[in-house]
Amino acid sequence: MPRTLEPETSTLTERFERDGFAFTPPILPPDLVRRAVERMDAVIQGEYATGRAPCSRCWNPGDDPQKICKIDNAQVCDPVILELISHPEIGRWAAEATGARMVQVWSTQLLYKPPGGETAGNVGWHQDRQYWKYWDGEVFTAWLALCDIDSAIGPVTFVRGSHRWGELSGGDFFGGDLNVLRGKMTIPNGAAWEEVEGLLPAGAMSLHHRLTIHGSGPNRTLRPRRSFALHLRTEKSGRVASVPDGGYASHLDEPGYCPVIYRA
Ligand SMILES: O=C(O)CCC(=O)C(=O)O
């Protein structure tokens with residue numbers, strides 16, 4: 001059974017290192033969250049204020065309304081979304097968690113989990129690293145809550161300490177059956193699988209390590225679950241030139257695509 005974290009006295013850095021994830025208080029201005037929600041809906045409907053399309057979309061108007069909608073790099077479609085993902089507080093907290101001197105957004109995902117409680121909205125257990133072989137070193141994820149995230153809405157759920165288990169096979173972002181996927185992931189002898197839900201008020205953020213196992217279940221509320229996942233890099237990261245990036249790490253020199261959001 002997933003459980004929530006008890007109140008804690010440890011710092012964000014200690015929690016990130018110990019658990020492989022950490023949560024912030026609300027850090028985004030409510031007005032920015034409100035405007036971003038409006039523009040998120042426009043992008044989902046295929047309306048791009050800049051005239052530029054996202055690099056990929058896994059859901060289009062007319063597709064199954066129960067399915068999770070994932071749109072990659074929507075910051076190029078709309079200046080409000082760029083403003084959201086560039087907010088300096090995101091960089092400041094990400095730097096605090098990791099001790100980084102520089103934080104850059106290198107890719108983003110708009111994630112809309114529709115209400116209705118169907119498993120088509122699930123995100124299967126996975127480690128981000130399995131999709132990021134073209135990076136070496138410090139790359140990780142910040143997940144922005146654009147609405148209140150409670151247990152019923154299908155929060156991102158993290159497996160505590162799994163960032164110490166190395167790279168595992170069997171994970172799949174698009175695998176809808178969390179129990180089947182869990183059975184496919186062989187964890188080290190003696191390790192305990194402890195799930196912790198990322199329960200966040202709107203405007204707050206979770207951070208997770210590239211090896212932390214995470215996924216999310218159905219949205220059993222009547223409200224959509226709205227969020228952005230930002231994939232971040234620090235000065236301790238580097239491209240593995242021999243591994244193709246599918247275009248995902250090819251825009252680092254474009255501030256309107258991959259903004260640097262923190263410098264010490
Ligand atoms: O939004 C979710 O449920 C999962 C997001 C995710 O996989 C990520 O942020 O890396």
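Remember, it's 1-based here, ligands and their atoms both numbered in the order they're listed.
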Student: With a 4.0 Å cut-off on N to O distance, would you call Arg101 and Glu235 a salt bridge?
Tutor: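 Salt bridge between Arg101 and Glu235, a charged N being under 4.0 Å from a carboxylate O: no.
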
Student: Show me, by chain and number, every protein residue that has a heavy-atom distance under 4.0 Å to ligand 1.
Tutor: Leu111, Val123, His126, Asp128, Thr141, Trp143, Val156, Phe173, His208, His214, Ser216, Arg225, Ala229

Student: Could you report the tightest heavy-atom contact between Arg225 and Cys147, atom names first, then the distance?
Tutor: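 What the structure gives for the nearest pair is CA-SG, 4.0 Å.
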
Student: For the residue pair His231 and Trp132, is the inter-centroid distance of their aromatic rings smaller than 6.0 Å?
Tutor: yes

Student: Restricting to non-hydrogen atoms, name the atom on Ile85 and the atom on Leu230 that form the minimum distance, rounded to 0.1 Å.
Tutor: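 Heavy atoms only, the tightest pair is CG2-CD2, 3.4 Å.
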
Student: For His208 and Phe158, take the angle between the two ring planes, folded into 0 to 90°, and tell me which bin it lands in: parallel under 30, tilted 30 to 60, perpendicular over 60.
Tutor: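 The arrangement is tilted - the two ring planes meet at 30° to 60°.
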
Student: Between Glu38 and Arg35, does at least one N-O distance fall below 4.0 Å, as a salt bridge requires?
Tutor: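 Judged by the 4.0 Å cut-off on N to carboxylate O distance, Glu38 and Arg35 do not form a salt bridge.
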
